[in-house]
Every structure is written in structure tokens, then in C-alpha cells.
There are 2 protein chains.
Amino acid sequence: MKAMNQKIDNRLELRNIRPTAMRQLVYDVLDKNKKALSLYEIEQQFEDVDRSTIFRTLKTFQDNYLIHSIDDGTGAVKYALCDEECTCQPDDLHIHFLCTKCGQTNCLKNMPVPKMDLPQGFSFESANFVIKGICSICRK
Amino acid sequence: MKAMNQKIDNRLELRNIRPTAMRQLVYDVLDKNKKALSLYEIEQQFEDVDRSTIFRTLKTFQDNYLIHSIDDGTGAVKYALCDEECTCQPDDLHIHFLCTKCGQTNCLKNMPVPKMDLPQGFSFESANFVIKGICSICRK
DNA sequence: GTAACTTTGCAATACTGTTGCACAATCTTT
DNA sequence: AAAGATTGTGCAACAGTATTGCAAAGTTAC
Ligand SMILES: [Mn+2]
Ligand SMILES: [Mn+2]
Ligand SMILES: [Zn+2]
Ligand SMILES: [Zn+2]
């Protein structure tokens, strides 16, 4: 237990985020679930934590590149941990997969968002590439 | 005027949509603006039309492949006319571009969504690929 | 220990999307 | 043309998600 908290604290401090109890808990939830979670889903995993606190925790995490957000079209933005070296730059972008059966959204971290040649005069800043279909678990 | 209404009526009837006054108007707005529009933006272009009527009009249009929807991450879904031959199948999917300066979302109809090899066990149904950056107008 | 700063909880609000229901319009049948 | 069936529209209410103001609690710096 101590070791795990130590590990979480390190991850937070590497991103210049003060490791409060709340933040440790939210980080832990995102770490244990191996998929992207919405604010509501995170809230469900606690007994008595205020939504706005989680909301601001996620905002802090995102501002410091500890997590990234995914808009998968379900209406709720989802969040997932970034890799250790991630700075949420174009090269860090990857495709996400939304299963239309179970509703889970997963990072496809080994599938980078392909670089496209934009029409003349357009410049690239960022991208959101979500593929919808049936995931390997639901497929079985 | 008559000619235009005739053209609109044809487009609607080709999709098995009865051409009511409301539907002609909404189609016309989508046709004249050369970009994707949100429900709210469409509502703004009328004096006294109910939002739920526009909402249901858009739903009818989308159910019949007259328009497609884009979730560009701004919080509001946007809608744009489909091409005449479109059936909103994987081959009809194209990339969309959201300008972070002017907020406009455009169809890049000559940029199909690239087909990606998914991990074992995943199947493809649909995709949403939105690129964010500066558009050619704002770039000038 | 006190002051300054940060984090949290609560409540209220904004924004977008969606539905129930009654009335109006249109179509179908006689 | 009238009656009945179907479809479309307007209004109001509601649902779901995101966001903010403010005061209290906690933490850090001096
Ligand atoms: Mn991801
Ligand atoms: Mn489009
Ligand atoms: Zn699944
Ligand atoms: Zn622009």
C-alpha cells in the first residue's frame, strides 16, 4: 500500500501536481481501470466524493499532461492516463476505439493518428480519431 | 424561387422525406451555408421556429441519409448535407476540420477516413476523424 | 502561530439534447 | 367532399453533462 502510494505520488509530482488524497484516489481509479472513464463513471467508484472536485482534479491532470480526454460521441467526455513521456503533442496522439455494444472506450496506443495532408492554407494543431465497432471482448 | 423549391423537393423526395415547409427551410439553410451547423446555429437563422421541430427535422434527415452529423468536440453536434450518392457507409466517411479560431467546422469531402488495421478481434462499424487547427480563411 | 495560498464541498447555473402531449396539417378512403 | 387515419409542429417540461461562485477546510511559507 505504501509502495503504491509512493508510486502515485511520484507520477503526480513529476507533473507538478501536489499529491492530495483526492488526486491519489482519482489517479488510482484511472490506473486500475484499463479504459477511458467519464466523469460520471469515476464518480461512481467513490462513496462520497463531490463531482466538482473530481471535475477540477481532472482539469488539473489534463492541464499538466497526466491524462488526455477523448470525445467518443457518447455525450460524455472520457479520460485516460497518458504515457510517462507524453506531452499531448501531435506525435503522442493515438486512435481510440468505442465499442458500440459494451460502450467501453479504449486507447489504441500503438495506433498513432495518421498524418494527413491538409488542403492549402490549413494548419494542423490536434486531432480526434475515434473508431466505432465491436471490441474483442464483446466479439467472442 | 420556384425552381429552387423544386430542386429541394427533389432532393427530399429522393430520400423519401415529405417536403414540408419546415424541411425545405432547414435544407435550404444547410445548403447555403457551406459548413456544418449545430442545432443552435440553425435555430438562429430563423425568426420563430421551435427547436424541437428543427431537432426532429434533423433526425429525419439523418435517418434518411440526407445529412450526416459531426461531433467536433465543441460540445454541440453539427450537421452537414450528404452528397447525392451518399449512404453514410464506411466508404462515404470523410475527415472534418474544426478551426480553433473561427470555430467553423468543414467537411473535407475529398479526404476519406483512412482504413486502419484494428487489433485482433475488433471490428469496424464507423469512425469520427476530426482535425483541429487554423482554417485557410483565418490563416490569411 | 499567523498570513497567504490551495483544495474541497455544496449549491446553483448553463448548455445541449430529448420527450410527452395536444393541436394542426396532410393524406387516404369512402 | 367528408370522415378517419397518419404525420408534422409547437409548447413546455425534463434529462444529462459540464461548469462556476463562494465559503470552509486544509496546507504551506514565513
Ligand atoms: Mn488514449
Ligand atoms: Mn462531412
Ligand atoms: Zn465491447
Ligand atoms: Zn477559421
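Hydrogens, waters and symmetry mates play no part in the numbers below; they use all other heavy atoms, side chains included. Chain identifiers are assigned alphabetically (A, B, ...) following the order of the sequence lines, protein sequences preceding nucleic acid strands; residue numbering begins at 1 within each chain. Small disclaimer: the values here were computed from a predicted structure and weren't measured.
For A/Leu39, counting side-chain heavy atoms from C-beta on, the closest listed nucleotide (C/dG9, D/dA18, D/dG10) is D/dA18. Proximity note for B/Arg18 (side chain, C-beta onward) versus D/dT9, D/dT7, C/dT8: the nearest is D/dT7. Each of D/dT9, D/dT17, D/dT20 was ranked by its minimum atom distance to the side chain of B/Met22; first place goes to D/dT9. You'll find that the side chain of B/Asp50 is closest to D/dG10, out of D/dG10, C/dT8, C/dG17.
Put simply, CD on A/Glu43 is 11 Å from P on D/dA18, counting in whole angstrom units. If you take CZ of B/Phe55 and P of C/dT16, they are 14 Å apart, rounded to a whole angstrom. Separating the CD atom of B/Gln44 from the P atom of C/dT16 is a distance of 10 Å, rounded to the nearest angstrom. What separates CG of B/Asp71 from P of D/dA18 is a distance of 12 Å, to the nearest Å. One atom, CD of A/Glu47, and another, C1' of C/dG9, lie 17 Å apart when rounded to the nearest Å. One interatomic measurement links the two molecules: CG of B/Asp9 to P of C/dT26, which rounds to 13 Å at whole-angstrom precision. Residue B/Asp63 contributes atom CG, which lies 15 Å from atom C1' of D/dT7 at whole-angstrom precision. Rounded to whole Å, the distance from NZ on A/Lys59 to P on D/dT17 is 21 Å.
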For salt bridge (Lys or Arg N to Asp or Glu O under 4.0 Å), just list the numbers for A/Lys7 and A/Asp31, CA-CA rounded to whole Å, side-chain angles, deciding distance to a tenth of an Å, and then say yes or no. CA-CA 11 Å; A/Lys7 180 198 144 212; A/Asp31 194 26; 3.0 Å; yes
Going through the distances and angles, do A/Ile131 and A/Ile95 end up as a side-chain contact (heavy atoms from CB on, under 4.5 Å)? CA-CA 7 Å; A/Ile131 296 178; A/Ile95 297 177; 3.9 Å; yes
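Looking at heavy-atom distances under 4.0 Å, B/Arg56 makes contact with a base. B/Ser52 comes within 4.0 angstrom of a base, heavy atoms only.
Using a 4.5 Å heavy-atom cutoff, the side chains of B/His96 and B/Asn106 are not in contact. When side chains are defined from C-beta on, B/Val130 does not count as touching B/Asp71, because their heavy atoms never get closer than 4.5 Å.
Here A/Thr20 reaches the OP1 or OP2 of C/dT8: one of its side-chain N or O atoms lies under 4.0 Å away. Applying the 4.0 Å criterion to OP1 and OP2 of D/dG8, one finds that B/Arg23 has a side-chain N or O inside that range.
A donor-acceptor pair is defined here as one N or O able to donate and one able to accept, closer than 3.5 Å; such a pair exists between the side chain of A/Asp92 and the backbone of A/Gln89.
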